[in-house]
2 protein chains.
Amino acid sequence: MENRLPTIKEIAKQLNISVSTVSRALHDHPNIGLRTKMRVQQLAKDLNYEPNQTAIFFQQGKTYTIGVILPELSEAFFSSAISGIEDAAHKGNYTVLLGQSHDDVEKEKHLLDTFRKHRVDGLLVSISKNTNNYEHFEALQRYNIPVVFFDRIPKIPNIHYVACNMINGTVQAINFLFKKAHRIIGMINGPEKLPATKERLEGYIQAMTKSRLKYDPNLVVNCNLTKEDVAAATEKLLSGKRKPTAIVTFNDYVALDAVQQARKMKLKINKDVCFVSYANLPISNYTAFPPLASVEQFPYQQGQKATETLIELLQKKTDESAENNNVTYYKIILESQLIVHDNKQV
Amino acid sequence: MENRLPTIKEIAKQLNISVSTVSRALHDHPNIGLRTKMRVQQLAKDLNYEPNQTAIFFQQGKTYTIGVILPELSEAFFSSAISGIEDAAHKGNYTVLLGQSHDDVEKEKHLLDTFRKHRVDGLLVSISKNTNNYEHFEALQRYNIPVVFFDRIPKIPNIHYVACNMINGTVQAINFLFKKAHRIIGMINGPEKLPATKERLEGYIQAMTKSRLKYDPNLVVNCNLTKEDVAAATEKLLSGKRKPTAIVTFNDYVALDAVQQARKMKLKINKDVCFVSYANLPISNYTAFPPLASVEQFPYQQGQKATETLIELLQKKTDESAENNNVTYYKIILESQLIVHDNKQV
DNA sequence: TATATTCAGACAAACGTTTGCATAATTTTT
DNA sequence: AAAAATTATGCAAACGTTTGTCTGAATATA
């Protein structure tokens with residue numbers, strides 16, 4: 001039962017022609033006569049011939065494989081993103097090699113190594129929270145492996161990336177609250193250094209200023225996203241001099257923790273204080289007091305777009321192959337958007 | 001800036017020795033003298049030599065790659081499982097090729113094709129909900145690609161699999177409720193044909209019988225897991241003749257929907273009726289009325305174990321290579337376990 | 001009919017690595 | 001000093017495919 005798979009050689013031998021003819025026949029090369037072309041294709045079918053991809057990868061120096069490194073698949077954002085990536089990749093006939101960094105820089109480096117060794121054609125990366133040294137990415141340039149970053153983007157020049165602009169969404173969120181007659185609007189933001197934090201703040205300031213509510217720094221608290229820290233931040237906000245009637249939180253998880261703290265403080269949610277958040281967790285319908293609205297960041301689309309961009313880069317690379325040193329860097333920004341939930345909560 | 005990567009040839013030329021010597025030197029082959037071994041390894045390091053994996057894959061007819069097909073990454077169960085898979089794979093020096101079937105048989109088939117063409121060494125599969133024809137898996141036998149199934153397992157003989165026995169966990173769940181003085185215990189189960197459904201039912205019957213509560217078929221309702229169907233099932237149970245004071249639900253999502261329905265019926269959760277569930281969603285702490293307890297299925301461990309098993313199979317395959325036709329099929333069963341939540345709910 | 005053109009196919013190299021076998025160089029044994 | 005054993009290295013094939021170049025045959029042009 002030794003089941004060697006049929007090769008091009010096998011076909012050639014059986015038909016008494018050369019391998020090159022077989023190869024060309026299978027590729028519909030014009031130089032091959034109709035008769036032989038048919039004979040080859042028929043036999044290939046009969047034998048269940050399938051080209052040996054490993055041979056082709058080797059021969060072409062390409063693997064049609066994309067490496068994806070992201071922090072954490074269990075976060076809804078990333079599991080959505082990977083779906084977008086997969087779909088786009090399959091459409092472009094690429095396969096996806098996956099790795100999670102679990103927000104650990106060492107793991108990130110290790111994955112990068114593995115993928116490089118596996119000779120992936122390109123990389124899609126959302127960097128780990130704790131990465132602030134980008135040498136391992138810069139080193140990739142030398143290997144001529146293009147990288148497209150998405151969502152979590154390193155602060156270095158000359159990179160390709162896809163991201164979502166949070167400023168607009170934030171402005172929409174504040175305006176939404178303003179229309180609902182809120183005048184003191186607080187924010188529980190993320191870790192100070194995070195770009196995502198800065199963007200949210202910027203949107204907050206813009207919107208507050210435009211609504212003539214003025215920007216009061218006391219109404220913005222940073223936190224490190226742990227349950228405890230969120231609780232502390234919430235308490236601080238809700239027991240301050242100017243007590244907000246609405247709070248914008250860094251993401252849905254933060255919102256949930258903040259709600260818990262607010263309830264501990266005997267506040268009525270959606271009456272004394274209400275929440276608007278980022279991320280749009282699918283599960284939040286089920287929670288007791290989901291945020292009134294969420295700023296959607298379109299993870300699926302981000303993943304998809306990033307993949308399409310990468311594939312485009314890969315095409316270009318083979319087309320121009322080193323001669324034309326093209327140095328345009330893609331910076332693709334999607335717009336976030338406020339989604340208002342219709343909370344028919346029981 | 002044409003940056004060809006260094007090859008074994010390059011090293012050979014520079015040191016004026018043959019490629020075979022270089023290859024052997026790099027592999028610490030005993031036949032190579034210490035002097036040359038050192039020189040080769042030094043130069044390799046200096047040149048930043050890295051073996052071309054595509055060449056090796058091709059030459060060895062192995063890719064050190066495992067294909068993983070699972071239904072849906074956004075389900076907590078599977079995103080946990082993939083972490084276990086990844087960790088075990090990396091430990092064994094394998095890389096993971098990922099694909100989601102989204103519970104679509106056609107996608108499943110397509111992924112299988114892609115992975116086969118990419119010449120993965122082995123496969124890890126959790127089948128799609130809608131798969132009831134297993135030909136595409138049986139076809140793999142001919143290609144000599146081992147498959148280890150996990151969690152969702154096809155009903156065919158002679159396969160390797162890792163699964164979690166739900167019977168014990170279910171028994172524990174019922175006993176837990178019994179100790180809390182519940183005597184009428186209902187169950188909202190899954191689609192009738194699903195093996196998972198059958199197992200839960202079996203556990204239910206076992207435990208009820210042992211507790212001398214007798215098995216009352218009216219207390220068990222099947223549903224297709226949609227929100228509407230769950231609501232209908234809940235209503236049926238809670239307006240029946242024998243009204244249960246506790247309900248075991250197919251999974252946490254079902255529990256959440258059932259709670260909503262119960263509240264719609266003006267029942268007090270945890271007073272009039274309480275819930276125990278399967279799956280243990282991390283988010284459920286945040287919900288208004290999380291289940292009192294969950295039957296944990298250890299997805300991470302399932303993934304890990306499945307991967308280890310597959311790698312073992314792959315080792316054996318190369319060891320015995322066709323001569324010794326080993327036909328032991330691994331059937332690995334983990335035990336589920338009831339996790340009681342301490343619901344310090346506000 | 002002789003020459004140019006087109007068509008159909010074959011030949012062989014190349015991609016980078018591993019590995020069985022042969023051989024040269026060295027050392028050990030008699 | 002010759003034979004045997006050991007050690008270190010080289011040669012070449014193999015893995016399956018693609019592709020540039022060459023050749024022979026058929027056809028068209030003059």
Side-chain angles (χ1 to χ4, degrees), chain A residues 2-41 43-44 47-64 116-119 121 143-144 318 321-322, chain B residues 2-41 43-44 47-64 116-119 121 143-144 318 321-322:
Chain A
E2 188 43 60
N3 220 342
R4 310 268 328 104
L5 295 178
T7 70
I8 233 174
K9 266 187 197 165
E10 186 63 25
I11 299 182
K13 207 191 320 178
Q14 288 201 30
L15 295 181
N16 239 307
I17 57 181
S18 76
V19 284
S20 54
T21 305
V22 176
S23 172
R24 290 196 167 97
L26 291 171
H27 286 85
D28 250 331
H29 192 284
N31 276 15
I32 303 301
L34 192 61
R35 270 189 62 88
T36 37
K37 210 178 268 188
M38 299 288 272
R39 294 207 307 150
V40 168
Q41 292 177 353
L43 183 57
L47 293 180
N48 254 312
Y49 167 76
E50 275 174 11
N52 182 336
Q53 294 290 348
T54 65
I56 296 176
F57 292 165
F58 168 51
Q59 205 273 144
Q60 314 237 305
K62 285 194 63 178
T63 58
Y64 292 95
R116 188 164 41 68
K117 287 193 188 131
H118 266 250
R119 295 286 209 270
D121 288 345
Y143 290 95
N144 203 16
T318 42
S321 87
Chain B
E2 188 41 60
N3 221 343
R4 311 261 336 100
L5 296 178
T7 69
I8 234 174
K9 266 187 198 166
E10 185 63 25
I11 299 182
K13 208 192 321 179
Q14 288 201 30
L15 295 180
N16 238 308
I17 57 181
S18 77
V19 284
S20 53
T21 305
V22 176
S23 171
R24 292 194 168 98
L26 291 170
H27 286 84
D28 251 331
H29 192 283
N31 279 13
I32 303 299
L34 192 61
R35 270 190 63 89
T36 36
K37 210 178 265 187
M38 300 287 273
R39 295 205 310 148
V40 168
Q41 291 178 354
L43 184 58
L47 292 180
N48 254 312
Y49 168 77
E50 275 173 10
N52 183 336
Q53 295 289 349
T54 65
I56 297 177
F57 292 165
F58 168 51
Q59 206 272 145
Q60 314 237 306
K62 285 193 63 178
T63 57
Y64 293 94
R116 187 164 42 70
K117 286 193 189 133
H118 266 249
R119 297 287 210 268
D121 288 347
Y143 289 95
N144 203 16
T318 42
S321 87

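Chain identifiers are assigned alphabetically (A, B, ...) following the order of the sequence lines, protein sequences preceding nucleic acid strands; residue numbering begins at 1 within each chain.
Atom C1' of nucleotide D/dG20 and atom CG of A/N31 are separated by 12 Å, given to the nearest angstrom.
Boundaries of the chain B contact region on DNA chain C are C/dC15 to C/dC21, first to last in 5' to 3' order (nucleotide atom under 4.0 Å from a heavy atom).
Listed here is the closest heavy atom pair of B/L5 and A/R119: CD1-NH2, 3.7 Å. In this structure, B/P6 and B/L47 approach most closely via the heavy-atom pair CG-O, 3.3 Å. Summarising the geometry of B/I56 relative to B/P51, their closest heavy-atom pair is CD1-CB, 3.7 Å, with the distance given to 0.1 Å.
In this structure, OG1 in B/T7 is found 8.5 Å from NZ in B/K13, a value given to the nearest 0.5 Å. A/L43 contributes atom CG, which lies 9.0 Å from atom CD1 of A/I17 (distance to the nearest 0.5 angstrom). Rounded to the nearest 0.5 Å, atoms OG1 (A/T63) and CG (A/D121) are 4.0 Å apart. Note that CZ of A/F58 and CD of B/Q53 are 12.5 Å apart. Values are rounded to the nearest 0.5 Å. For the atom pair B/I11 CD1 and B/N16 CG, the distance stands at 14.0 Å (nearest 0.5 Å). Taking NE2 of B/H118 as the reference point, atom CZ of B/F57 lies at 12.0 Å (rounded to 0.5 Å).
Annotation: proximity of residues 17-29 of chain A to DNA chain C (heavy atom, distance under 4.0 Å) is found for A/I17, A/S18, A/S20, A/T21, A/R24, numbered in ascending order. The stretch residues 48-57 of chain B comes close to DNA chain C through B/Y49, B/P51, B/N52, B/A55, B/I56, each having a heavy atom under 4.0 Å from the strand.
Summary for the helix from C/dT1-D/dA30 to C/dT30-D/dA1: the axes at its two ends, each from 5 pairs, differ by 60° when rounded to the nearest 10 degrees.
Inspection of the A/T21 and A/S18 side chains reveals an N or O donor paired with an N or O acceptor under 3.5 Å.
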Side-chain atoms of residues 29-36 of chain B: list all donor-acceptor pairs with protein atoms under 3.5 Å, sequence neighbours left out, distances to 0.1 Å.
unit_1 : atom_1 : unit_2 : atom_2 : d
B/H29  : ND1    : B/N31  : N      : 3.1
B/T36  : OG1    : B/G33  : O      : 3.1

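For B/E50 (side chain) and A/K117 (main-chain N/O), no donor-acceptor pair under 3.5 Å exists by modelled atom type.
Partners of A/Y49 by ring pair (Phe, Tyr, Trp, His ring centres under 6.0 Å), not counting sequence neighbours: none found.
Comparing B/Q59 and B/P30 by the nucleotide of DNA chain D whose heavy atom lies nearest to each, the residue mapping closer to the 5' end is B/P30.
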